[in-house]
Amino acid sequence: MEACLGSTSNSNKGTIVIDVPPYFDFEHCLTHLKRGDNDVLVTVHGHRVSKALDVNGVPMILELSSEASHGVEGNNQREPQPQSQLHATVYGLSHHRLASVDWEAAVRTEIDEWFDLQRDLRPFYAFAERDPILAPLAKRYSGLRIIGSSSLYHSLCWAIMGQQITMSFAATLKRRFVQQFGEYIEHDGERFYLFPRPEVVAKLTPEQVMPLQFSRKKAEYLIEVAVQIASGRLSKKQLIALNSFSDAVKQLTAIRGIGAWTANSVLMHCLRNPRAFPLADVGLHNAIKRLLKLEHKPSLAEMEQYGTRWAGWEAYATFYLWRSLDDEWG
DNA sequence: CTCCAGGGTACAC
DNA sequence: GTGTACCATGGA
């Protein structure tokens with residue numbers, strides 16, 4: 001398999017404008033994306049973020065910016081005004097004409113799912129105002145949305161990779177996995193990788209993944225999930241069709257390597273369920289402990305009470321609490 | 001050196 | 001049904 005899919009062509013591109021909903025702040029989202037310094041899938045330059053996409057077999061690069069012009073490369077420190085629109089520019093490869101697919105609809109959906117743009121956050125902010133923990137978070141990170149992924153396989157893999165280890169080590173594992181088994185596009189002098197396709201990973205053995213410093217179990221989990229998705233036994237469409245949060249958790253946790261934490265993480269980042277709540281998460285515990293200046297991390301029973309208290313918005317509470325770990329709270 | 005990281009499994013009892 | 005060793009590695 002040739003990993004390089006080709007290079008982008010300047011004569012094969014298109015631009016669309018995206019209207020954004022109330023309570024959307026692109027800069028807060030960019031800050032979150034920049035934090036994952038090791039993430040090879042996403043590149044942030046100044047006020048613009050880029051990544052590779054596959055639209056029905058047609059590879060392309062998506063550049064998303066809050067500014068109309070993309071002329072400025074590198075660090076542009078000028079703060080853009082609060083924006084009501086985003087500008088998306090898409091570049092195709094020289095031998096894959098963009099016009100052969102409905103890239104515009106696909107890109108709109110991709111951006112919606114990436115930044116959770118279909119969620120009406122006005123009720124969340126009204127709710128958060130009255131919650132002692134969420135109020136300062138909602139104020140500080142106003143307009144930050146849950147940054148996720150449209151790909152079920154990507155979400156599952158990222159959650160599995162992140163089990164138990166530090167975020168920086170998890171990011172290293174992901175980078176190695178993507179560069180070893182993913183395809184890439186050359187664009188603007190850089191490589192933009194697509195996450196490895198489940199059909200590719202399904203054919204691997206644990207021995208091929210373990211040299212990247214995955215534990216044998218994690219290697220087995222990634223391959224088994226790939227097999228399930230490649231075979232069609234597991235799909236995003238079918239999980240959505242269940243139309244039941246607990247049934248989705250049940251189906252996911254039936255798979256080896258996926259426990260309650262991983263299932264809730266995926267339901268939050270990919271299925272976009274606002275009630276997803278990985279209540280056993282140590283980062284969540286540490287965030288609460290730090291914000292409330294507690295002596296000890298909250299117990300499981302206390303976490304269940306927080307879940308009840310935040311009912312309906314558990315996922316946003318979790319995401320904002322995770323976000324708070326990157327900042328000082330004096 | 002020990003303990004902890006955005007956990008989960010496979011055992012024991 | 002709860003308790004515990006184990007996984008792989010890096011940083012505090």
Side-chain angles (χ1 to χ4, degrees), chain A residues 31-39 41-42 133 137 141 144-149 154-177 180 205-226 228 234 249-271 273 275-291 294-304 306-307 310 314-329:
Chain A
T31 300
H32 179 274
L33 290 168
K34 265 187 281 196
R35 182 188 53 99
D37 44 350
N38 231 336
D39 191 338
L41 297 179
V42 171
I133 294 182
L137 296 170
Y141 306 123
L144 173 67
R145 281 164 183 266
I146 294 177
I147 311 296
S149 170
H154 178 195
S155 292
L156 278 164
C157 286
W158 175 235
I160 289 169
M161 289 176 190
Q163 289 171 3
Q164 176 57 21
I165 56 179
T166 60
M167 291 304 290
S168 68
F169 183 42
T172 299
L173 291 181
K174 178 177 169 181
R175 176 176 52 74
R176 290 178 183 151
F177 185 75
Q180 184 75 41
T205 62
E207 285 72 21
Q208 291 173 275
V209 180
M210 288 164 65
L212 310 184
Q213 293 180 297
F214 285 71
S215 65
R216 172 175 291 277
K217 284 189 176 183
K218 278 191 185 175
E220 290 170 358
Y221 300 159
L222 297 181
I223 294 167
E224 175 57 22
V225 170
Q228 300 244 3
L234 176 64
V249 171
K250 221 173 279 179
Q251 192 190 337
L252 286 169
T253 53
I255 300 168
R256 234 170 61 88
I258 301 177
W261 179 89
T262 306
N264 275 274
S265 173
V266 168
L267 287 167
M268 175 165 90
H269 290 110
C270 185
L271 278 290
N273 194 311
R275 304 214 55 179
F277 189 43
L279 83 172
D281 181 89
V282 299
L284 195 53
H285 302 167
N286 284 330
I288 292 171
K289 172 174 178 284
R290 197 169 70 126
L291 287 177
L294 301 176
E295 195 74 21
H296 302 287
K297 291 192 280 193
S299 66
L300 197 59
E302 290 170 318
M303 291 310 298
E304 284 171 357
Y306 284 120
W310 296 328
E314 293 94 321
Y316 266 88
T318 299
F319 198 76
Y320 275 41
L321 281 162
W322 279 342
R323 174 66 185 81
S324 76
L325 288 168
D326 296 330
D327 289 338
E328 300 296 328
W329 289 80

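Chain naming here is simple, since letters A, B, ... match the order of the sequence lines and numbering starts at 1 in each.
- Residues satisfying the salt bridge (Lys or Arg N to Asp or Glu O under 4.0 Å) criterion with A/Glu220, sequence neighbours excluded, are A/Arg256.
- Note on A/Ile160: nothing from the nucleic acid sits closer than 4.0 angstrom, heavy atoms only.
- For the P atom pair drawn from C/dT4 and B/dC3, the interatomic distance equals 15 Å after rounding to whole Å.
- Rounded to the nearest Å, the gap between the P atom of B/dG6 and that of C/dA5 is 22 Å.
- Within 4.0 Å (heavy atoms only), A/Ala260 reaches sugar-phosphate atoms of the nucleic acid but no base atom.
- For the pair A/Met167 and A/Thr253, nearest-nucleotide mapping onto DNA chain B gives the more 5' position to A/Met167.
- Applying the salt bridge (charged side-chain N to carboxylate O under 4.0 Å, His left out) definition to pairs two or more places apart or across chains, none involves residues 276-290 of chain A.
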Validation: residues 154-162 of chain A side-chain donor-acceptor distances under 3.5 Å, sequence neighbours left out:
unit_1   : atom_1 : unit_2   : atom_2 : d
A/His154 : ND1    : A/Ser149 : OG     : 3.2
A/His154 : NE2    : A/Lys174 : NZ     : 2.8
A/Ser155 : OG     : A/Ser151 : O      : 3.2

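- Distance noted for atom P between B/dC11 and C/dA8: 16 Å (whole Å).
- What you find for A/Leu252 and A/Ala263 is that their closest heavy atoms are CB-CB, 4.0 Å.
- Toward the 5′ end of DNA chain B lies the nearest nucleotide of A/Gly162, the other residue of the pair A/Gly162 and A/Gly257 mapping further downstream.
- With hydrogens and angles ignored, the 3.5 Å screen pairs no side-chain donor or acceptor of A/Tyr306 with any backbone N or O of A/Leu279.
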Might you list the N or O atoms of the protein lying below 3.5 Å from N or O atoms in nucleotides 6-9 of chain C, with each pair's distance?
unit_1 : atom_1 : unit_2   : atom_2 : d
C/dA8  : OP1    : A/Arg216 : N      : 2.1
C/dT9  : OP1    : A/Gln213 : NE2    : 3.2

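- Partners of A/Gln251 under the side-chain hydrogen bond (donor to acceptor under 3.5 Å, both in side chains) rule, at least two apart in sequence or in another chain, are A/Gln238.
- In this structure A/Thr262 satisfies the side-chain hydrogen bond (donor to acceptor under 3.5 Å, both in side chains) test together with A/Gln163, sequence neighbours excluded.
- Shown here are the side chain to side chain contact (heavy atoms under 4.5 Å, CB included) partners of A/Glu207, two or more places apart in sequence or in another chain: A/Thr205, A/Arg216.
- Along DNA chain B, the stretch of nucleotides lying under 4.0 Å from any heavy atom of chain A spans, 5' to 3', B/dA5 to B/dA10.
- Scored by the salt bridge (Lys or Arg N to Asp or Glu O under 4.0 Å) test, A/Arg323 finds A/Asp327 as partners (sequence neighbours excluded).
- For residues 294-303 of chain A, proximity to DNA chain B is found at A/Lys297, defined as any non-hydrogen atom under 4.0 angstrom from a strand atom.
- Using a 4.0 Å heavy-atom cutoff across all strands shown, A/Thr262 reaches sugar-phosphate atoms only and no base atom.
- Every residue two or more places apart in sequence or in another chain that forms a side chain to side chain contact (heavy atoms under 4.5 Å, CB included) with A/Ala226 is listed here: A/Tyr153, A/Pro198, A/Val201, A/Ala202.
- In this view, A/His285 and A/Lys297, A/Pro298, A/Met303 satisfy the side chain to side chain contact (heavy atoms under 4.5 Å, CB included) rule, not counting sequence neighbours.
- Here the separation of C/dC6 from B/dA5, taken at their C1' atoms, is 16 Å to the nearest Å.
- If you take atom C1' in C/dG11 and the same atom in B/dG8, they sit 23 Å apart, rounded to whole Å.
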